[in-house]
Amino acid sequence: MAVPIAGGLSPPLLGLLADGRLRSGEWLAQALGMSRAAVWKGIERLRAQGIEVEAVPRRGYCLPHAVELLDERVLRAALDKARAERLRHLEVLFDVDSTNTRLLAAPPPPYGSADVVLSELQHAGRGRRGRPWIAPFGGSVALSMGWSFADASRASPSLSLCVGVAVARALARAGALGIALKWPNDIWFGDRKVGGVLIELRAEASGPAHVVIGVGLNVALPPASRALIEASGVRAAAVADACAASPSRNFIAGAIIDELLSMLVQFEREGFAAFRQAWLALDALAGRPARVLRGDDSIAGVARGVDAGGALRLERVGRIEEFVSGEVSLRLSGDDL
Ligand code: ATP
């Protein structure tokens, strides 16, 4: 375990409550080999970390609903054997500021292998330009992967689009139908945001490019979590909305790791050309009226996919204008959120 990442494992008390069943203080104390006062303190600690624990007078404690905690063995089971060998470290944390920040602070993986960090709780998740990313406990995936490109030019804006394709492929493996991508870095379902991608570069003047790829995904959103996210000014959805049966967080996270590894190896060799058709087939805004926001400007047109470098193509009065992702945001016309 060479990567110095703090955050610890999920508390055993949470493991005992995860199935959502009501457990008496006495039962919990016995199972954990501690006093009832220590159980009560543990419950208070979980609450202080933002985990809702219900107390039923004289009967005990329970979570408002069952939660599938992250489990390294189940995550690994979703990985192709050859690809799994590229995984230098896989860390499942309980609590972290941001999984991206943790990996950015750790030594980068050597060329051709990856480090992955996931966390049950993420207190300071980030989107683009420092915007906050909200990851409700038990209903989301907060995952980051560190990777080193031998050729620094591979760390280009089109990587973000390829990550979107990899995530969409992982969600299709989990049974989700109708997942789409919104340029440049959003995962959508029914014109609502299901997930986001944030790619950050380690600042190094020359040599290989070390990137950290962050994926935040809503797997299932109880109404209160949805309302909390939507208060930030976005229409939100979850992978569960796109699935016939409840999807497994562990399976989804494992499939994302697997698809990211597969994508990175191919992207390194072939670049965006290998993913452009797949991205265009998933384009949520293709042929639809859209607005590009650049500073205070709002530029209206019709979205016409992306060019060979991943730049957005916007048709305006019969002419195509291209926009690079770093400088602008894209909105569906009429979407004032
Ligand atoms: P851009 O189009 O410029 O990327 P964006 O609004 O999609 O803009 P991101 O940086 O991709 O911005 O993501 C951050 C935004 O995502 C936040 O400002 C918030 O509105 C929204 N958001 C935060 N948490 C969630 C979540 N769990 N699900 C959906 N949306 C979220």
Side-chain angles (χ1 to χ4, degrees), residues 50 96-101 118-144 157-161 163-164 167-168 171 176 179-200 212-242 247 249 252-253 256 279 283-285 288 290-299 301 303 306 310-312 314 323-337:
V96 77
D97 46 1
S98 136
T99 53
N100 262 30
T101 303
L118 296 106
S119 187
E120 292 289 358
L121 295 171
Q122 183 178 238
H123 293 297
R126 283 176 280 119
R128 298 207 301 157
R129 299 179 205 113
R131 283 181 290 234
W133 182 263
I134 302 164
F137 168 70
S140 45
V141 166
L143 176 160
S144 294
S158 65
L159 176 59
S160 180
L161 279 64
V163 172
V167 172
L171 298 183
I179 293 291
L181 300 177
K182 196 217 70 172
W183 186 91
N185 66 331
D186 286 356
I187 321 294
W188 269 19
F189 174 69
D191 290 348
R192 288 172 169 267
K193 190 160 169 173
V194 169
V197 173
L198 177 69
I199 299 185
E200 295 183 284
V212 172
I213 298 167
V215 177
L217 199 66
N218 305 323
V219 175
L221 286 182
S225 304
R226 195 176 296 245
L228 179 74
I229 294 167
E230 297 206 334
S232 78
V234 69
R235 279 190 248 276
V239 179
D241 303 334
R249 280 174 82 214
I252 287 177
I256 291 174
W279 194 92
D283 184 358
L285 263 58
R288 300 173 71 183
R291 285 179 299 127
V292 167
L293 308 179
R294 185 168 51 193
D296 290 338
D297 290 348
S298 173
I299 307 158
V306 292
L312 173 76
L314 188 76
F323 297 88
V324 180
S325 61
E327 57 195 34
V328 299
S329 293
L330 178 64
R331 296 286 178 269
L332 192 55
S333 267
D335 197 343
D336 292 325
L337 286 179

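Not measured: the values here are computed from a predicted model. Order of appearance sets the numbers: ligands from 1, and atoms from 1 within every ligand.
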Suppose I only count heavy atoms of [X] and a 4.0 Å limit; which atoms of ligand 1 are within that range?
| X | result |
| --- | --- |
| N185 | 4 (O), 11 (O) |
| G127 | 10 (O) |
| D186 | 7 (O), 11 (O) |
| R129 | 3 (O) |
| K182 | 2 (O) |

Matching residue for D191 among K182, R288, R331 - test: salt bridge (Lys or Arg N to Asp or Glu O under 4.0 Å): R288

How far is [atom] from its nearest protein heavy atom, and which residue and atom name does that atom have?
| atom | result |
| --- | --- |
| atom 21 (C) of ligand 1 | V234 CG1, 3.9 Å |
| atom 6 (O) of ligand 1 | R331 NH2, 3.5 Å |
| atom 4 (O) of ligand 1 | R128 NE, 3.0 Å |
| atom 7 (O) of ligand 1 | K193 NZ, 2.7 Å |
| atom 3 (O) of ligand 1 | S329 OG, 2.4 Å |
| atom 20 (O) of ligand 1 | S232 OG, 3.1 Å |

Polar side chain donor-acceptor pair, R128 to S325, under 3.5 angstrom: no

Test item: side-chain donor near acceptor, R126 and T101, under 3.5 Å: yes

Between the side chain of [X] and the main-chain N/O of [Y], is any donor-acceptor distance below 3.5 Å?
| X | Y | value |
| --- | --- | --- |
| S225 | L221 | no |
| R226 | A237 | no |
| S119 | Q122 | no |

Ligand 1 versus [X]: contacting region, heavy-atom distance under 4.0 Å:
| X | result |
| --- | --- |
| R131 | side chain |
| I134 | both |
| V194 | neither |
| N218 | side chain |
| L293 | neither |

W183 side chain reached by V328 side chain, heavy atoms, under 4.5 Å: yes

Min side-chain heavy-atom separation V194-V239 under 4.5 Å: yes

Smallest separation among heavy atoms of A180 and A284, with atom names: CB-CB, 3.7 Å

For atom 26 (C) of ligand 1, the option (of W133, W188, W183) bearing the nearest heavy atom: W133

Run the contact test for [X] against ligand 1 with a 4.0 Å cut-off on heavy atoms, strictly below, and give the result.
| X | answer |
| --- | --- |
| R192 | no |
| P132 | yes |
| R126 | no |

Gap separating the CG atom of D283 from the CG atom of L181, nearest 0.5 angstrom: 8.0 Å

R294 atom CZ, over 12 foreign heavy atoms within 6.0 Å: no

Residue that, paired with E230, satisfies side chain to side chain donor-acceptor pair (under 3.5 Å) out of R235, R192, K193: R192

